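Here the structure is a predicted model, which is why all the values come from computation and not from measurement.
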Amino acid sequence: MKTPRQLALLGITAGLFVAAANNVPAQVAVSIGVAPVCPYGYYEGSPYNCAPDGYYGPEWFSGGIFVGAGPWYHGADHFYGHVDHHLDYRKGYHGSFPARGEQAAERRAEFHGQAMHDSRGHEAPRGRR
C-alpha cells in the first residue's frame, strides 16, 4: 500500500510544479547595438552594409547627416524617400562600397534614383512615388 500512496503523492507534487512553471512570466531582451557608421548611409536590411554614394536621395539626410534606416531610423512616421536601385547589391550592384568609419568625399555623387522606400526597405505603394 505504500507504493500507490507514494506514486500518488509524487504525481500531485509533479503536477503542482508544472502548474507553477506555466505561470512564470518570460522576459525577452533584444539588443540591436549601435547604428553602422557609414559616410553615405547603410542599407535598410541586415547585415546593414554601408551604401555607396548616390544610393539614397537627399531627403534621407538632414543637415548632411543620414537620418538612419532599419532599426536605427529616427525620422518622420510613414516616411518614404528616393533610392537608386542601380546601386543596390540586392538588385545586382557589384561596384565598390565604402568601409564603415570612412569619411565622405568632399564632392558627392549626383543622385539619379527613381524608386522610393520606407525606412525598412519596403517599396512605396503606387501613388506615393
Side-chain angles (χ1 to χ4, degrees):
M1 278 302 206
K2 273 188 160 180
T3 303
R5 203 179 288 161
Q6 288 173 335
L7 287 175
L9 184 58
L10 182 63
I12 291 171
T13 304
L16 291 174
F17 278 116
V18 170
N22 287 336
N23 293 328
V24 175
Q27 293 182 349
V28 177
V30 177
S31 175
I32 59 170
V34 297
V37 177
C38 298
Y40 313 110
Y42 46 86
Y43 290 107
E44 311 95 322
S46 181
Y48 306 104
N49 292 330
C50 292
D53 190 11
Y55 174 70
Y56 285 108
E59 63 271 46
W60 288 90
F61 298 87
S62 177
I65 307 295
F66 184 60
V67 296
W72 303 280
Y73 173 71
H74 49 273
D77 290 341
H78 309 293
F79 170 81
Y80 285 92
H82 288 89
V83 297
D84 187 345
H85 279 176
H86 293 103
L87 298 173
D88 191 338
Y89 73 94
R90 299 164 292 197
K91 306 264 186 210
Y93 175 71
H94 294 291
S96 62
F97 298 93
R100 290 185 183 203
E102 188 176 308
Q103 294 296 313
E106 206 170 295
R107 191 173 158 116
R108 298 283 311 271
E110 194 173 313
F111 179 74
H112 298 286
Q114 297 299 316
M116 291 191 76
H117 285 188
D118 68 5
S119 64
R120 302 278 180 183
H122 303 114
E123 294 282 335
R126 300 268 182 220
R128 289 206 68 157
R129 296 179 186 181

Value rounded to 0.5 Å, distance of [atom1] in [X] from [atom2] in [Y]:
| X | Y | atom1 | atom2 | answer |
| --- | --- | --- | --- | --- |
| Arg108 | Asp53 | CZ | CG | 4.0 Å |
| Trp72 | Tyr42 | CH2 | OH | 6.0 Å |
| Tyr80 | Asp118 | OH | CG | 5.0 Å |
| Phe111 | Glu59 | CZ | CD | 6.5 Å |

Worksheet entry | Check: Leu87 and Tyr56 side chains under 4.5 Å, non-hydrogen atoms | no
Worksheet item: Side chains of Tyr43 and Phe97: does their closest heavy-atom pair fall under 4.5 Å?
Response: yes
Heavy-atom pair of closest approach, residues [X] and [Y]:
| X | Y | answer |
| --- | --- | --- |
| Ala51 | Pro98 | O-CG, 3.3 Å |
| Gly70 | Arg120 | C-NH1, 3.3 Å |
| Ser96 | Pro52 | O-CB, 3.8 Å |
| Pro71 | Tyr48 | CD-OH, 3.3 Å |
| Cys38 | Gly41 | CB-O, 3.3 Å |

Worksheet item: For the residue pair Phe61 and Phe66, does the interplanar ring angle fall in the parallel (under 30°), tilted (30 to 60°) or perpendicular (over 60°) class?
Response: tilted
Worksheet entry | Sole candidate of Arg90, His117, Gln114 that passes side chain to side chain donor-acceptor pair (under 3.5 Å) when paired with His85 | His117
Worksheet item: Going through the checks in order, is the ring-ring contact (aromatic ring centres under 6.0 Å, His included) test met by Phe79 and Tyr73?
Response: CA-CA 10 Å; Phe79 170 81; Tyr73 173 71; 5.7 Å; yes
Worksheet item: Can you check whether Ala115's main-chain N or O pairs, donor with acceptor, with His82's side chain at less than 3.5 Å?
Response: no
Discussion item. Quick check on the hydrophobic clustering: are Val67 and Tyr40 connected, directly or via other members, by side-chain heavy-atom contacts under 4.5 Å?
Written reply: no
